[in-house]
Amino acid sequence: MPRFFVTSSDISSSEDGLKITVRGDDAAHITRVLRMRLGERVEVCDDNSVEYETVVSSLGVEVTLDVISVKQSQNEPPYKATVYQALVKGDRFDTVIQKSTELGVCSIVPVITDRCMVKLTESDYSKKTERWQRIAYEAAKQCGRGVIPKVERPIMFRDAIKAASEADVPLFCFEGKGTLPITEQMPMQDKINSVSVFIGPEGGFSDDEATFAHESGMKMTGLGKRILRTETAAPFVLSCLSFKYEL
């Protein structure tokens with residue numbers, strides 16, 4: 001069943017029950033790409049992670065859906081996970097966003113580190129962030145998420161560390177010395193509220209960055225005996241978290 005996201009303002013009540021109005025690109029997608037017909041079913045999720053099973057009641061520039069059932073989404077992890085990903089070349093950052101969204105991330109923060117090979121100007125930020133947000137949106141639709149992860153604007157390494165260190169479980173993924181396996185860095189209790197996952201660029205973190213992260217309270221975390229590509233690391237950690245705290 002096709003899935004779309006709306007805001008609470010798109011939902012209205014009438015004598016016939018709840019109705020949802022879909023606008024913009026999603027309305028065009030329903031009408032022109034999917035070529036849906038009246039009476040076909042659509043799944044919709046609002047900004048409170050409430051899911052609506054609906055049927056199409058009108059088509060056009062705006063699409064109207066009649067709600068036939070309502071339930072709270074059960075597809076979100078019991079914790080808030082934020083990925084702090086160093087900027088990387090090519091479409092690797094796109095992969096991180098897509099796979100992290102599928103694996104339950106709450107937000108993704110691009111980070112500018114010492115060894116980043118990608119150099120963005122201030123004018124690039126808005127264009128990149130808009131594109132990245134669209135990737136997160138499409139991935140959230142595809143995998144049945146209850147929320148759309150937020151992709152933030154790029155920030156500097158030290159600012160990112162200060163924010164990441166406030167999580168209940170602040171993981172700094174590092175291939176150098178002084179790390180503990182991820183299995184030892186995850187708390188023994190059955191529940192956590194927040195976790196940050198800090199991932200470096202293709203060339204890894206500098207020694208100064210690793211020292212600052214450690215002194216800021218980040219948990220220096222190893223990801224096994226093999227060195228993972230930067231676009232593999234965040235999905236690997238999120239999978240470990242899901243296995244421990246979700247399944």
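Side chains included, hydrogens not; waters and symmetry mates left out as well; all remaining heavy atoms used.
- Clustering ILVMFWY residues whenever any of their side-chain heavy atoms sit less than 4.5 angstrom apart, transitively, puts I199 in the very cluster that holds V169.
- Judged purely by distance below 3.5 Å, without hydrogens or angles, the side chains of Y137 and D25 never pair a donor atom with an acceptor atom.
- For the pair V197 and Q85, the minimum side-chain heavy-atom distance is 4.5 Å or more.
- L228 and A233 get closest at one heavy-atom pair: CD1-CA, 4.1 Å.
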_Chi angles and distances behind the side chain to side chain contact (heavy atoms under 4.5 Å, CB included) call for L241, M186_ = CA-CA 8 Å; L241 291 167; M186 292 189 292; 3.7 Å; yes
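- For residues 195-223, the salt bridge (charged side-chain N to carboxylate O under 4.0 Å, His left out) pairs, not counting sequence neighbours, are R92-E202.
- Cluster annotation: I192 and I182 are assigned to the same hydrophobic cluster (Ile/Leu/Val/Met/Phe/Trp/Tyr, side-chain heavy-atom contacts under 4.5 Å, transitive).
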*Using the side chain to side chain contact (heavy atoms under 4.5 Å, CB included) rule, take Q72 and Q74 through it: C-alpha gap first, then chi angles, then the decisive distance, then the call.*
CA-CA 6 Å; Q72 189 68 35; Q74 301 298 312; 4.2 Å; yes
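- Side-chain contact between F174 and T221 is absent, with no heavy atoms from C-beta onward closer than 4.5 Å.
- Here the side chain of D168 pairs a donor or acceptor atom with the backbone of N193 at under 3.5 angstrom.
- Inter-residue side-chain proximity for V55 and V42 is flagged as unmet; no heavy-atom pair is nearer than 4.5 Å.
- To the nearest 0.5 Å, the span separating OG on S165 from CZ on F172 amounts to 12.0 Å.
- The closest side-chain heavy-atom distance from Q133 to I148 is below 4.5 Å.
- Judged by distance alone, the side chain of R37 and the main-chain N or O of V56 form no donor-acceptor pair under 3.5 Å.
- The shortest non-hydrogen separation linking P201 to T113 is CG-OG1, 3.4 Å.
- In this structure, F93 and L87 have side chains that are in contact, with non-hydrogen atoms separated by less than 4.5 Å.
- For the 3.5 Å distance criterion, the side chains of S49 and S73 fail to qualify, holding no donor opposite an acceptor.
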*asked:* Let's go through E152 and K150 carefully: what are the C-alpha distance in whole Å and the side-chain angles of both, what is the deciding distance for salt bridge (charged side-chain N to carboxylate O under 4.0 Å, His left out) to 0.1 Å, and is it a yes or a no?
replied: CA-CA 6 Å; E152 305 287 353; K150 178 72 180 297; 3.8 Å; yes
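- The 12-atom threshold is exceeded at NZ of K119, counting heavy atoms of other residues, nucleotides or ligands nearer than 6.0 Å.
- In the model, S8 has a side-chain atom that pairs as donor or acceptor with a side-chain atom of D47 under 3.5 Å.
- Checking side-chain atoms of E76 against main-chain N and O of G146 turns up a donor-acceptor pair under 3.5 Å.
- With D10 contributing its side chain and T7 its backbone, the two residues share a donor-acceptor pair below 3.5 Å.
- Between atom OG of residue S239 and atom CD of residue E246 there is a gap of 10.0 Å, rounded to the nearest 0.5 Å.
- A pairwise comparison of heavy atoms in G200 and T230 identifies O-OG1, 2.6 Å as the closest pair.
- With rounding to the nearest 0.5 Å, the separation of CG in L59 from CD in E40 is 9.0 Å.
- The closest side-chain heavy-atom distance from V63 to T31 is below 4.5 Å.
- Residues R3 and C45 are in side-chain contact: their nearest non-hydrogen atoms beyond the backbone lie under 4.5 Å apart.
- Within 6.0 Å of the CZ atom in R229, the count of heavy atoms belonging to other residues, nucleotides or ligands does not exceed 12.
- Follow the hydrophobic side-chain contacts under 4.5 Å out from M156 and you reach V118 in the same cluster.
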*Under the side chain to side chain contact (heavy atoms under 4.5 Å, CB included) rule, what do F198 and V111 come out as? Steps first, then yes or no, please.*
CA-CA 9 Å; F198 219 103; V111 182; 4.1 Å; yes
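- Annotation for L38: atom CG counts as buried by contact number, over 12 foreign heavy atoms lying within 6.0 Å.
- Note: T64 OG1 to K19 NZ = 7.0 Å, rounded to the nearest 0.5 Å.
- Crowding of H29 atom NE2: a count of heavy atoms from other residues, nucleotides or ligands under 6.0 Å exceeding 12.
- Nearest heavy-atom pair across M220 and H214 is CG-ND1, 3.7 Å.
- The SG atom of C240 sits 7.5 Å away from atom CG of L223, with the distance rounded to the nearest 0.5 Å.
- V44 and I11 end up in the same hydrophobic cluster when Ile, Leu, Val, Met, Phe, Trp and Tyr side chains are linked at under 4.5 Å.
- A234 and V83 get closest at one heavy-atom pair: CB-CG1, 4.0 Å.
- For the residue pair E166 / S196, no side-chain donor-acceptor distance below 3.5 Å is found, with atom types taken as modelled.
- At a threshold of 4.5 Å between side-chain heavy atoms, the hydrophobic network of Ile, Leu, Val, Met, Phe, Trp and Tyr places I97 and F5 in two separate groups.
- Here the side chains of I155 and I112 are not in contact, with every heavy-atom distance at 4.5 Å or above.
- Residue M218 holds its CE atom at 8.0 Å from OH of Y84, rounded to the nearest 0.5 Å.
- Between the D46 side chain and the N48 main chain, a donor and an acceptor come within less than 3.5 Å of each other.
- A salt bridge between R131 and D94 is present, with a side-chain N of the basic residue lying under 4.0 Å from a carboxylate O of the acidic one.
- A donor-acceptor pair under 3.5 Å links the side-chain atoms of R115 to the main chain of F205, judged by distance alone.
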*asked:* Under the criterion salt bridge (charged side-chain N to carboxylate O under 4.0 Å, His left out), I'd like the reasoning laid out for R134 against E130: C-alpha separation, chi angles, the key distance, then a yes or no.
replied: CA-CA 6 Å; R134 188 66 190 178; E130 182 179 351; over 6 Å; no
*Intermediate values then yes/no, side chain to side chain contact (heavy atoms under 4.5 Å, CB included), T54 and I68*: CA-CA 5 Å; T54 72; I68 57 178; 5.8 Å; no
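- The environment of K80 atom NZ is sparse: at most 12 non-hydrogen atoms of other residues, nucleotides or ligands sit within 6.0 angstrom.
- Ring geometry, Y245 versus Y79: the interplanar angle exceeds 60°, so the pair is classed perpendicular (tilted spans 30 to 60°).
- With hydrogens and angles ignored, the 3.5 Å screen pairs no side-chain donor or acceptor of S242 with any backbone N or O of L238.
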